[in-house]
Amino acid sequence: MLTPEQHHQLTKIQHYVAKKLAHDFSGHDINHINRVVTLSKIILKEEPLADEFIVLASAYLHDVIDDKITDNSVQESEQLKSFLTDLALSKSQITSIFSIIESMSYRKNLEQKITLSLEGQIVQDADRLDAIGAIGIARTFYYGGNKKHIMYDPDMIAREKLSEEEYKKSNTVINHFYEKLLHLKDQMNTEKAKELALHRHHIMEQFIDDFKAEWNLKS
Ligand code: ADP
Ligand code: NI
């Protein structure tokens, strides 16, 4: 249960994030954040041991210091730390939130798997659920268009075992499914997310099959 003060702090945090992401056209806007918060709440219902406030604050803040969103991640982190201090979060709450948002991304876990707190595992699952399924498909094409990636080239083979540097280099949008999205179902941390991932995974498999069938249509 959140205290009235925590409710107030979360509202302020949501406004801070909405302002930071107002100009995002890469699929990481406030609607993505709100969906990740909702998914975190759904997972939280099955995880009574987790600290609800840390989960929700981290869900709101998980993208603001990421270098795909900002050119100056160090400055964003400093700004965020003073914002949270002014909001009267304790040092230990700020440390817990930063340890989650600095290490939960897919890219950062490619070369070594970083151990996350239970709260971090929940937010990571929620973020990954929003990367798959119908919304995941839409975000991936939206992101690919924004970055001027080509949609599909049957001669470009999906890469395996990517380093963080290789992951950042563009490939085709369809290959992003093979290089990341289709792996997420088996990398969920919590039982609830594993369950929710099944249908979303199926939607993507169906989509890829239909996409290729339509691409290869013969007269
Ligand atoms: P994380 O937040 O775990 O670091 P990313 O920022 O790499 O993950 O990806 C977030 C979402 O942005 C992906 O789920 C996908 O929809 C889209 N995206 C990221 N990289 C690519 C890419 N190379 N091609 C297409 N979509 C991408
Ligand atoms: Ni995200």
Side-chain angles (χ1 to χ4, degrees), residues 13-14 17-18 20-21 24-41 43 55-71 73 76 80 97 100-114 116 119-153 156-160 162-189 193 196-197 200-201 203-204 207-208 211:
I13 289 172
Q14 186 187 25
V17 173
K20 289 284 176 195
L21 301 181
D24 180 84
F25 293 96
S26 72
H28 300 88
D29 61 4
I30 192 67
N31 295 300
H32 162 62
I33 302 302
N34 288 333
R35 290 192 302 269
V36 172
V37 170
T38 304
L39 284 161
S40 297
K41 288 180 181 169
I43 300 171
V55 170
L56 299 181
S58 306
Y60 277 121
L61 294 167
H62 79 272
D63 272 333
V64 285
I65 62 163
D66 195 302
D67 51 21
K68 71 185 170 254
I69 302 293
T70 168
D71 296 332
S73 161
E76 282 302 330
L80 178 57
I97 293 168
I100 293 171
I101 66 178
E102 282 175 343
S103 50
M104 61 174 265
S105 87
Y106 188 76
R107 271 174 300 120
K108 295 205 173 123
N109 284 276
L110 280 166
E111 288 165 60
Q112 93 272 37
K113 189 149 170 30
I114 305 168
L116 289 170
E119 291 75 17
Q121 293 180 24
I122 294 172
V123 183
Q124 185 180 61
D125 280 358
D127 192 31
R128 289 179 171 184
L129 285 168
D130 202 55
I132 62 177
I135 296 265
I137 295 169
R139 288 179 69 213
T140 302
F141 280 87
Y142 190 74
Y143 182 99
N146 178 290
K147 300 280 178 205
K148 299 192 166 65
H149 296 170
I150 63 166
M151 197 159 70
Y152 180 47
D153 177 350
M156 283 178 78
I157 307 296
R159 302 161 300 172
E160 276 172 50
L162 295 176
S163 68
E164 194 174 335
E165 274 315 302
E166 287 162 340
Y167 176 76
K168 281 195 208 154
K169 292 197 189 104
S170 74
N171 203 309
T172 69
V173 174
I174 290 295
N175 277 347
H176 191 66
F177 287 84
Y178 294 104
E179 293 177 354
K180 172 183 178 186
L181 306 179
L182 291 167
H183 298 293
L184 293 181
K185 164 177 78 71
D186 295 325
Q187 294 179 14
M188 296 294 168
N189 305 298
L196 293 172
R200 290 175 187 234
H201 183 84
I203 295 287
M204 291 193 297
F207 168 78
I208 295 274
F211 182 99

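Start at 1 and go down the list; that is how both ligands and their atoms are numbered. It should be emphasised that the depicted structure is a prediction, and the values quoted were computed from it without experimental measurement.
Distances from the Ni ion (ligand 2) to the N/O/S atoms of H62 are shortest for NE2.
Residue contacts to the Ni ion (ligand 2): D127 brings an N, O or S atom closer than 2.8 Å. Among the atoms of H32, an N, O or S atom is found under 2.8 Å from the Ni ion (ligand 2). Taking backbone and side chain together, D63 holds an N, O or S atom under 2.8 Å from the Ni ion (ligand 2).
At a cut-off of 3.5 Å, with distance as the only test, a side-chain donor of D127 or H62 sits close to an acceptor on the other residue. Side chains of S163 and E166: a donor on one and an acceptor on the other come within 3.5 Å. In the model, N109 has no side-chain atom that pairs as donor or acceptor with a side-chain atom of Q187 under 3.5 Å.
Near ligand 1, residues H28, K68, S105, Y106, R107, D127, A131, R139, T140, Y143, H149, Y167, H176, K180, L181 each place a heavy atom inside the 4.0 Å sphere around the ligand atoms.
The aromatic rings of F211 and Y152 sit perpendicular, their planes meeting at an angle over 60°, well past the 30° parallel limit.
For the pair D29 (side chain) and H32 (backbone), a donor-acceptor distance under 3.5 Å is present. Distance alone, capped at 3.5 Å, places no donor-acceptor pair between the H183 side chain and the K180 backbone.
Contacts of E160 classified as side-chain contact (heavy atoms from CB on, under 4.5 Å), with partners at least two apart in sequence or in another chain: none.
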